[in-house]
2 protein chains.
Amino acid sequence: MATTTAAERRDADRASYDVFLVGCPSRLVLERISDRWVALLLAALSDGPKRYSELGRKVAGVSPKMLTQTLRALERDGLVEREVTPSVPVRVDYRLTSLGEGLHRAVLAVKDWAEAHVDEVLAARDRYDAESG
Amino acid sequence: MATTTAAERRDADRASYDVFLVGCPSRLVLERISDRWVALLLAALSDGPKRYSELGRKVAGVSPKMLTQTLRALERDGLVEREVTPSVPVRVDYRLTSLGEGLHRAVLAVKDWAEAHVDEVLAARDRYDAESG
DNA sequence: CTGTATCCAAGACGATACTG
DNA sequence: CAGTATCGTCTTGGATACAG
């Protein structure tokens, strides 16, 4: 049987294909912000530190599992900081690091573009759907 | 390609949660660029029109299914244009619209940030992994 | 050449219940 | 309060074969 996983084969393939795809650091970050909740969490934290439960309420619909999972990934990448206050009950605050703020600003460029052009995208979509039935 | 059911349900759900999540146009575009191949395709097309097979080669590892699917989504949103030359064999070129070029520029901001700070992210990651075992 | 259709595996994600 | 553990579902995407 195949001793290599699909992911491994893909990586190996990409490595032999094109530097454009492999060495490119943007791949890394692009994949980070591709996570469903990352951009939302970045935005939720952009106006100051928030507690775990505050985030859960602000980013409505996120399950505790995904909230923790995404927060941990962000923390691992040095984008957010986790501060525990050993009170009773425990209080935990999350805040953007300067690195995280930087990423947020970059993502904001996409957001700004979106706000400025979403109507055109929607119009194109309607047109396309009308033509294609 | 009836991709509407689950997506529509999710949208409807979100609508009942929070304006921050629903009305925000960035959600729309954020979800677009969250697709695994979108940013890559935008980049691949940024230096001029390309044929279907050229894209398949440049964005190594993409299956015909995903290539078509992503290209269609991009076309639907008015981000790329599809031009068919009815020769034998058929020739199809894809190119960024001005709208698509704009989005690409915004995504480029993220890419630029990534290139400038990926080492810090990686360092943070190593540190985290070392601490957590 | 440019797709389309089908099947299947892997992973993402949500719901829920439970712990320190 | 702030998670963690478990389970089941749905989506994603790759492989493959085939069609216009």
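All chains are named by letter (A, B, ...) in the order of the sequence lines, taking the proteins before the strands, and each is independently numbered beginning at 1.
- Computed from coordinates, the Q69(A) CD to dA5(D) P distance equals 12 Å when rounded to whole Å.
- Per the geometry, CD belonging to E31(A) stands 14 Å off C1' belonging to dG11(C), to the nearest Å.
- Atom CH2 of W37(B) and atom P of dG13(D) are 8 Å apart (whole Å).
- Contact annotation: Y94(A) reaches the phosphate of dG3(D) (side-chain N/O to OP1 or OP2, under 4.0 Å).
- Side-chain N/O atoms of R51(A) include one lying less than 4.0 angstrom from OP1 or OP2 on dA2(D).
- Closest to the side chain of P64(B), from the set dG14(D), dT4(D), dT16(D), is dT16(D).
- The distance from atom NZ of K65(A) to atom C1' of dC7(D) is 9 Å, rounded to the nearest whole Å.
- Neither OP1 nor OP2 of dT2(C) sits under 4.0 Å from any side-chain N or O of R57(B).
- Atom CZ of R95(A) has 12 or fewer neighbouring heavy atoms from other residues, nucleotides or ligands inside a 6.0 Å radius.
- When each of M66(A) and V90(A) is assigned the nucleotide of DNA chain C with its nearest heavy atom, M66(A) is the one assigned upstream, toward the 5' end.
- Take the nearest nucleotide of DNA chain D for V62(B) and for D93(A): the residue whose nucleotide is more 5' is D93(A).
- In the hydrophobic cluster analysis, where Ile, Leu, Val, Met, Phe, Trp and Tyr join through side-chain heavy atoms closer than 4.5 angstrom, V110(A) is grouped apart from L108(B).
- One atom, CZ of R36(B), and another, P of dG13(D), lie 7 Å apart when rounded to the nearest Å.
- A salt bridge between R91(A) and D93(A) is present, with a side-chain N of the basic residue lying under 4.0 Å from a carboxylate O of the acidic one.
- Just one residue in the list T68(A), L67(A), L41(A), L55(A) forms a side-chain contact (heavy atoms from CB on, under 4.5 Å) with V62(A), and that residue is L67(A).
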Under 3.5 Å donor-acceptor pairs involving side-chain atoms of residues 42-51 of chain A, not counting sequence neighbours:
residue : atom : partner : partner atom : Å
S46(A)  : OG   : A43(A)  : O            : 2.7
D47(A)  : OD1  : K50(A)  : NZ           : 3.1
K50(A)  : NZ   : G48(A)  : O            : 3.4

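- Atom CG in L55(A) sits roughly 13 Å away from atom C1' in dC1(D) (whole-Å rounding).
- Nucleotide dC13(C) holds its P atom 13 Å from the CG atom of L67(A), rounded to whole Å.
- Contact check, R82(B) against dT2(C): no side-chain N or O comes under 4.0 Å of OP1 or OP2.
- Between dT2(C) and R91(B), no contact under 4.0 Å exists linking OP1 or OP2 to a side-chain N or O.
- With rounding to whole Å, D35(A) atom CG is found 14 Å from dG11(C) atom P.
- At the phosphate of dT2(C), OP1 or OP2 sits under 4.0 Å from a side-chain N or O atom of S53(B).
- For R72(B), a side-chain nitrogen or oxygen approaches OP1 or OP2 of dG3(C) to under 4.0 Å.
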